[in-house]
Structures are given as C-alpha cells and as structure tokens.
Amino acid sequence: MKLSIGARLREERLRLGLSQEAFASLAGLSKRVQLKWEKDESAPSAPILRAFAEAGADVLYILTGRRTVNTPFNTASMIEAELATARAEIVHPPRHAGETAEQAERRVLDWHANSLSTILKFDTRIVPEGLAGDVAQLLEVITDPERRAAFRASYGADRRERRRSMKREIAIHLAETPHDASDTVRTMLADIGLEHGVPISSLIELFHEIAEEAEERYKPDRRRPLEPAR
C-alpha cells in the first residue's frame, strides 16, 4: 500500500529525529499545522518543502514516494520515543479539557494505533532491526482489550518496582555522601532518570518525597546516617 504525502512527511520527520513541533518550526510554523499535514488535511507549499530540504528531508520522497539515493537513515531514537510515549499513555491516557476518561482512552488508543500502523508501513530501510517487532507487539496490545489489560497490570507493577529500586539507590547514596541532601537527591534522580528513561513527572514526585524524608532523617551533622529505604 502506497503511503500518502502526509504519511511520508511524517516518516521523514521521524527519520530526522524531530518532534512535530521542531519539524514545523523549520518553516516557522506550529505543531498544529504539522498535525494537519500528517493527517492529509492540508499540504506544505514549495517554500516550506525547501526549508525541510535544507534540514535534510528527502523532498522527492515526500512528493513522489521515490527516495533520493544515499538518504541517511536514523529513525531509531524517534521510534523508540514514540513507543515509550504510547506505552505510558496506554496505561494513563492524558485527558483534554471536557473529556471523559472513556473519551480520552478512545482518542489515545486511536491515535497510537494509527501512529504505530504508519511506522509498520515505513520504507524497511529506515526501520532498525528489532523495532518493527516491538511496534507490531504494542499495536496488538492496543487493539486487543485482554492484552491491553494485562499490559497495564504489568506496566504498573514494573513502574512500582522501578520506583522502589530508585528510592533504595538514592537512600544508600545519601547515607554515604557528604553533600547536601537536596543536591544529592537531584543528582541521583537525574542520573537514574536518564539511565531508566523515567518520566519527568515521576522524577519531580520522587524528588519531593525523598527530599522530605532526607531532611527529616539525614541532618547536617550526619550523626544519624540515613538507612536504605525498604
């Protein structure tokens, strides 16, 4: 099945590793406009395509479906980011103003089903080996209610275990460090967050929780070292 111009535009954006907002900004436009392009509700003009070409997009491919020779392929990080976002939003669908929980879930599932389906239709040369299987597996989770329920339960358990693990690591580090507790918590959260890909909202929540415990249990004179959290 041949992709539409909007789908090929999205493919080029992912290949370049750019978000919708960043890609649209190349032409001085907004994410809202990029969304319309990718949904084929409108199409970019020649000057806009020129701006994309200057950033490395394969405009010939966007317009005709035929790739320019030696176009570089580097979509792995963006596809992985899409997978991470989809997994998180399947478990906790973000709600827009005025939406019910059911409406938010339907919108999120439809959006990610379309997004993952589009990735599976990409030119096989730009989808890293192994990622296509991850995309197909998550698409099955979205479309199968039973698998989706099992995924949510497993995701929640994994997240709770990661949280406990992070608290243990930070507590142990606090007990050994001569630095200010708050600074240490920030540093450790940043390191662990980067290593495990923990969402920023979770890091902020953990920071406040652990910092309060540290201030209470780990005083400046350090006469009472902090015990590792259980």
Side-chain angles (χ1 to χ4, degrees), residues 1-94 96 99 103-143 148 197 199:
M1 177 179 178
K2 188 174 181 180
L3 297 179
S4 67
I5 288 179
R8 292 196 296 269
L9 185 69
R10 174 184 172 81
E11 183 175 339
E12 279 300 281
R13 174 176 65 78
L14 291 174
R15 183 181 65 78
L16 294 172
L18 296 174
S19 66
Q20 290 173 323
E21 183 175 5
F23 195 68
S25 70
L26 294 173
L29 298 169
S30 68
K31 177 181 177 180
R32 184 186 298 274
V33 176
Q34 181 69 28
L35 282 168
K36 289 185 177 181
W37 290 336
E38 293 185 5
K39 291 180 179 179
D40 290 303
E41 294 177 359
S42 63
S45 63
I48 292 171
L49 289 172
R50 187 180 304 115
F52 292 158
E54 290 173 355
D58 187 345
V59 171
L60 178 65
Y61 175 69
I62 292 172
L63 293 175
T64 69
R66 296 193 302 274
R67 283 207 171 275
T68 302
V69 178
N70 295 326
T71 299
F73 306 116
N74 57 357
T75 58
S77 61
M78 199 62 184
I79 293 177
E80 288 170 351
E82 292 256 336
L83 285 169
T85 299
R87 291 181 182 117
E89 292 190 349
I90 289 169
V91 177
H92 300 293
H96 292 168
E99 272 189 332
Q103 289 171 333
E105 179 180 43
R106 187 70 268 154
R107 173 180 52 77
V108 166
L109 293 177
D110 287 346
W111 170 262
H112 287 300
N114 179 67
S115 175
L116 297 176
S117 295
T118 299
I119 290 174
L120 289 178
K121 296 173 185 175
F122 280 1
D123 185 324
T124 56
R125 293 176 297 170
I126 72 167
V127 180
E129 185 177 355
L131 279 183
D134 292 341
V135 170
Q137 185 177 50
L138 191 57
L139 185 58
E140 290 178 2
V141 167
I142 290 175
T143 56
R148 191 163 64 247

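Only a predicted model underlies this, so the values are computations on that prediction, with no experimental measurement involved. Along the sequence shown, the residues carry numbers beginning at 1.
- The shortest non-hydrogen separation linking Leu131 to Leu83 is CD2-CD1, 4.1 Å.
- Although no hydrogens or angles enter the test, the distance criterion places a donor-acceptor pair under 3.5 Å between the side chain of Glu12 and the main chain of Asp58.
- At a threshold of 4.5 Å between non-hydrogen side-chain atoms, the residues Leu35 and Glu41 do not count as touching.
- Two residues are said to be in side-chain contact when any heavy atoms from C-beta on lie closer than 4.5 Å; Ile5 and Arg8 meet this criterion.
- Remark: Glu21 CD is loosely packed, at most 12 non-hydrogen atoms of other residues, nucleotides or ligands lying under 6.0 Å away.
- Note: Phe23 and Phe52 have parallel aromatic rings, judged against thresholds of 30 and 60 degrees for the angle between ring planes.
- In plain terms, the two heavy atoms of Val108 and Pro94 that are nearest each other are CG2-CD, 3.8 Å.
- Looking only at distances, no side-chain donor or acceptor of Arg10 sits under 3.5 Å from a matching main-chain atom of Gln20.
- For the atom pair Glu11 CD and Ile62 CD1, the distance stands at 9.5 Å (nearest 0.5 Å).
- Of all heavy-atom pairs between Ser4 and Asp40, the closest is OG-OD2, 2.5 Å.
- Atoms CG and CG, on Leu139 and Asp134 in that order, are 12.5 Å from each other to the nearest 0.5 Å.
- When each of Leu9, Leu26, Leu29, Leu18 is paired with Gln34, the side-chain contact (heavy atoms from CB on, under 4.5 Å) condition holds for Leu9 and for no other.
- Taking all atoms of both residues into account, the shortest heavy-atom contact from Ala27 to Ile48 is CB-CG2, 3.8 Å.
- Taking every heavy atom of both residues into account, Ala24 and Lys31 meet most closely at CB-N, 4.3 Å.
- Of the possible donor and acceptor atoms, none in the side chain of Ser117 sits under 3.5 Å from a partner among the backbone N and O of Asn114.
- Pairing each heavy atom of Trp37 with each of Ser42, the nearest pair is CD1-OG, 3.3 Å.
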Task: Working for side-chain contact (heavy atoms from CB on, under 4.5 Å), residues Ile90 and Arg87 - done: CA-CA 5 Å; Ile90 289 169; Arg87 291 181 182 117; 5.6 Å; no

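- Between the CD atom of Gln137 and the CD1 atom of Ile142 there is a distance of 11.5 Å, given to the nearest 0.5 Å.
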